[in-house]
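Protein chains get the first letters and strands the later ones, always in sequence-line order, with residue 1 at the start of each.
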2 protein chains.
Amino acid sequence: MDITPFLEPEKGRPLYQQLYSFFKREILAGRLKAGTKLPSKRALSKHVNVSQTTVEHAYEQLTAEGYLISRPRKGWYAAEVEGRFHGTAPPPPPETAANDEASPSRHIIDFHHGHADLRNFPISAWKKTFANAVDDFSLFQSGPAAGDIALRSMISSYLRESRGVVSTPEQVIIGAGTTILLQLLCRLFGEGAAVGFENPGFHRSKTFLKTGGLRVIPISVDNRGMSVEELRQHDLKGAYVTPSHQFPLGMIMPVGRRLELLDWAALNGAYIIEDDYDGEFRYAGQPIPSLQVLDQNSRVIYMGTFSKSLIPSLRVSYMVLPAPLLKDGLRLASLYKQTVSRHVQHAVAQFMKSGDWQRHLNRMRTLYRKKRKALLETVQRELGESVLIKGENAGLHIILEANGAVSEETLISKAFEEGVKVYPVSASYEEPPKSASVLLGFGGLSEEDIETGIKKLKKAWR
Amino acid sequence: MDITPFLEPEKGRPLYQQLYSFFKREILAGRLKAGTKLPSKRALSKHVNVSQTTVEHAYEQLTAEGYLISRPRKGWYAAEVEGRFHGTAPPPPPETAANDEASPSRHIIDFHHGHADLRNFPISAWKKTFANAVDDFSLFQSGPAAGDIALRSMISSYLRESRGVVSTPEQVIIGAGTTILLQLLCRLFGEGAAVGFENPGFHRSKTFLKTGGLRVIPISVDNRGMSVEELRQHDLKGAYVTPSHQFPLGMIMPVGRRLELLDWAALNGAYIIEDDYDGEFRYAGQPIPSLQVLDQNSRVIYMGTFSKSLIPSLRVSYMVLPAPLLKDGLRLASLYKQTVSRHVQHAVAQFMKSGDWQRHLNRMRTLYRKKRKALLETVQRELGESVLIKGENAGLHIILEANGAVSEETLISKAFEEGVKVYPVSASYEEPPKSASVLLGFGGLSEEDIETGIKKLKKAWR
């Protein structure tokens, strides 16, 4: 075999990811030519001394992303990236992502936390709303940089109504995804500004803030959320928290800690970035209002998104800037220009105005509550004492912490051998955590798949 | 037969594509007049010694994109680009934002350079395409961070065909506006990296790059574009240029300067950001290929947008990363996630695939050519020797330089008194220019308004 990936077992990155990166690089660089057959799972696993599951995991990922093509009973081939576009073959028949993502070999139950249930999406209402938006010719020319006032007004009202967030429409800034808004905040805080970040926390946002030029200081999270005591030991311009449903651990920040955090911010002239990424979904007890509602000193930047509450691929997020940041924020926004198509903005505003969105959200809440119930019951029944459930009172994912001496990687790879994808928690930590935990998102799975998935986990982990 | 395409069988590009390009060029340049009958498949195949299928393939493609009309049993004709779109049965003339923005008390004629003519927008085709996109459920979940491969493939093919840009679909990165892509470039160049910028140049992009953490060094522009001599006096990681239609002065960079610029980049390991913001519109002479096509050393980052060529408020831009930047660029893109809704991406890709976009573009080109003609004729007739016209060979704006002792501010305020908005050029300069010039965009105005506007300018400025 003339393909020899260089793997480093101690390097911290899972082996399947290292394999994945290796092949991706080879294909992008053109060293692995289109149409080349890849070594079989078995051959490669022997050759580089990893499990066949690890190889399969890497191949599945590459197939999902379009780098490999899987031919049933034949094997995996490097995708025809070059040939399609350099003239040999006829014009490109563009593959749709759906086909790319289809797993040809077997049915994988994927507990991805970013997936949403769209089977009940009110497609005809949405289509109609969208078609009406396209009919409005005034929407074809550029609009206000911070977003159309119609959408900002709807969001402002909704946030006050359901999350307690107090704002004027002018304070609401629309952006094509949370990263766009974080990017703006990076420039608002200024190059090199230090910001406290939950540890464990959102790996992606952390990397993003670093790339955006901030110094990111990890701050421990206890069972009430970010440690304010630790915050006080640093000279910080801000702190990034997920108080409604801590990511990844899932606990809800109690009011005492909230007030402590707000006091810290007021005293230090710092700002709190409140990422309310799935605050729409709460299952037990009263809905908890946002952190922003308790804020008496204009210290909170509230962030939300329609990714979970409407359409993941829609790319509409928003933030509410406190008064002291508003002028500079709007100036920066006007430099960036608006990143969401005005037709999309208009459609979302209309969907909110007509009540279609609230109805959808209520349906989803019921649906997710049932899924969550099925998940928790099955976990208790099938896995019992072998795991501890965490963060189950809100959001679209839970954490399973394993009792007993087992590694996170083993949990993940054994699960994958049974055809179940669960996700690492350690990636969210600065240093590897003591216990082994995995993250299970349930938004995108049916109740049946959830049950089957957990039964398979029982088999995998026993 | 007086049509003799020059084909190069060894050149790697399929013969049908070479034929296709030849006829497209002839039609666009007006050398093949509307209504001219094309040679039959059989005759042409004999004449240039290719198969009839090759000819048919080319003709079909040209027909799909609206360059040819196929009459059953009669043959193919060069399309009557003018007649088809004026007067038959155009859709209702919607008001453009230009009108919305006008003061309610009087009719303002606004020569804004960011406005596009949307009265002829193929609204029903676009609506249908969009509705089909919403029907595709696979598009609701998140897609690839750099953009869906279907759209990136269409853009890659289009750029090769019409701008000469050589790329694989993987090199194309989609973003919700040019600023998003510039932001990514800022992080790719690294905090504090120095970049040469045209003086005069795009004020907004300059400020944006500065805010993004780059050191922006103004480099003089002479009548051939950015001065490479001046570039050599600095230690730069890159240079930002608008070679197809310099903003704001409007000249086209000749090939000699292009090669000089590329040599400089190769020698210094620098990158050239080629902003082809309105490269679709050129009125005199051959379409000029992009700077990227001349680049032998992977030194050019090519940027384009659908703002002028489709819908200003759509927010879809793209850039083509050269191979050395690809790995880091894709890594950064995956951090940002995709900023354009997948439904929008899909709709644009389908619009390109169906030929609807090319047809629209052809119509717009004709329309803009007529507006430009009306503008230039009226300016010459009404303003005569009092102004010098600059930058009129491409794009959607021209520059009027005043002869005589008058300030830019006076030109603008006097015009406004007569109800005409023209725009300053000095904002694009580091230091106030010696002569007084104003910028007139004509994309969003009717020919009547253009004439009236110029007559009013005569009155205002005399």
Side-chain angles (χ1 to χ4, degrees), chain A residues 25 28 65-66 81-82 84-87 91-92 94-98 100-101 114-116 118 121 123 126-127 130-131 134-135 137-143 176-177 179-180 183 187 191 204 207-208 211-213 307 311-316 332 335-344 444, chain B residues 12-14 17 94-98 100 114-115 118 121 123 126-127 130-131 134 136-144 148-150 153-154 156-157 168-170 176-177 179-180 183 187 191 204 207-208 211 213 311-315 326-327 332 335-344 349:
Chain A
R25 221 164 30 231
L28 281 177
E65 292 182 13
V81 175
E82 300 275 320
R84 271 195 297 166
F85 310 107
H86 284 289
E95 306 285 320
T96 70
D100 288 353
E101 276 167 21
H115 291 168
L118 295 165
F121 189 84
I123 186 90
W126 178 248
K127 269 175 83 168
F130 223 105
V134 176
D135 267 337
F137 244 78
S138 71
L139 297 175
F140 276 64
Q141 306 284 13
S142 301
T179 54
I180 297 299
Q183 179 62 51
R187 299 329 293 188
E191 183 71 22
R204 178 191 292 276
T207 315
F208 192 83
T211 309
S307 294
I311 299 175
S313 70
L314 191 68
R315 316 310 290 134
V316 182
L332 272 175
L335 199 58
Y336 278 71
K337 293 175 91 172
Q338 182 47 235
T339 45
V340 179
S341 147
R342 285 186 83 190
H343 289 121
V344 170
Chain B
R13 285 181 68 211
Q17 272 192 18
E95 300 294 310
T96 67
D100 290 354
H115 291 168
L118 295 165
F121 190 82
I123 186 89
W126 178 248
K127 269 175 83 167
F130 223 105
V134 176
D136 186 345
F137 244 76
S138 70
L139 297 176
F140 277 64
Q141 306 285 14
S142 302
D148 278 14
I149 205 72
S153 299
M154 291 310 302
S156 179
S157 305
T168 64
E170 282 66 30
T179 54
I180 298 298
Q183 180 61 52
R187 300 329 292 187
E191 184 70 23
R204 179 191 291 277
T207 314
F208 193 83
T211 309
I311 300 176
S313 71
L314 191 68
R315 315 309 292 133
L326 192 55
K327 198 181 136 201
L332 272 176
L335 200 59
Y336 279 70
K337 295 173 91 173
Q338 181 47 236
T339 43
V340 179
S341 148
R342 285 186 83 191
H343 289 121
V344 170

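Considering only residues two or more places apart in sequence or on other chains, K337(B) meets the salt bridge (Lys or Arg N to Asp or Glu O under 4.0 Å) condition with none of them. Residues satisfying the ring-ring contact (aromatic ring centres under 6.0 Å, His included) test with F208(A), not counting sequence neighbours, are Y336(B).
Here the CZ atom belonging to F140(B) is positioned 8.0 Å from the CH2 atom belonging to W126(A), to the nearest 0.5 angstrom. Interatomic distance, CG of L332(A) versus OG1 of T207(B), reported as 11.0 Å (0.5 Å rounding). Between atom CG of residue D135(A) and atom NZ of residue K127(B) there is a gap of 3.0 Å, rounded to the nearest 0.5 Å. A distance of 6.5 Å separates CZ in R187(B) from CD in Q183(A), rounded to the nearest 0.5 Å.
In terms of heavy-atom pairs under 4.5 Å with chain A, the best-connected choice from P312(B), G213(B), G114(B) is P312(B). Ranked by non-hydrogen atom pairs under 4.5 Å with chain B, the options I180(A), L139(A), I123(A) are led by I123(A). For the set A131(A), S307(A), G212(A), the count of heavy-atom pairs under 4.5 angstrom toward chain B peaks at G212(A).
For Q338(B), the part lying near chain A is the backbone, with the side chain staying farther off; criterion is any non-hydrogen pair under 4.5 Å. Residue contact with chain A, scored on non-hydrogen atoms closer than 4.5 Å, involves the backbone and the side chain of I311(B) alike. Contact of F130(A) with chain B is made through the side chain alone, with heavy-atom distances under 4.5 Å. Looking at V316(A), there are no atoms closer than 4.5 Å to chain B (heavy atoms on both sides), in backbone or side chain. Interface residue V134(A): backbone and side-chain heavy atoms are both found under 4.5 Å from chain B.
A donor-acceptor contact shorter than 3.5 Å is absent between the side chain of R342(B) and the backbone of S313(A). Under the 3.5 Å distance criterion, the side-chain polar atoms of T339(A) are left unmatched by any main-chain donor or acceptor of A176(B).
R204(B) approaches L335(A) most closely through the heavy-atom pair NH1-O, 3.6 Å.
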>> I'd like to know whether L118(B) forms a side chain to side chain contact (heavy atoms under 4.5 Å, CB included) with Q141(A), so could you lay out the CA-CA distance, the side-chain angles of the two residues, the decisive distance to 0.1 Å, and finally the verdict.
In response: CA-CA 9 Å; L118(B) 295 165; Q141(A) 306 284 13; 3.8 Å; yes
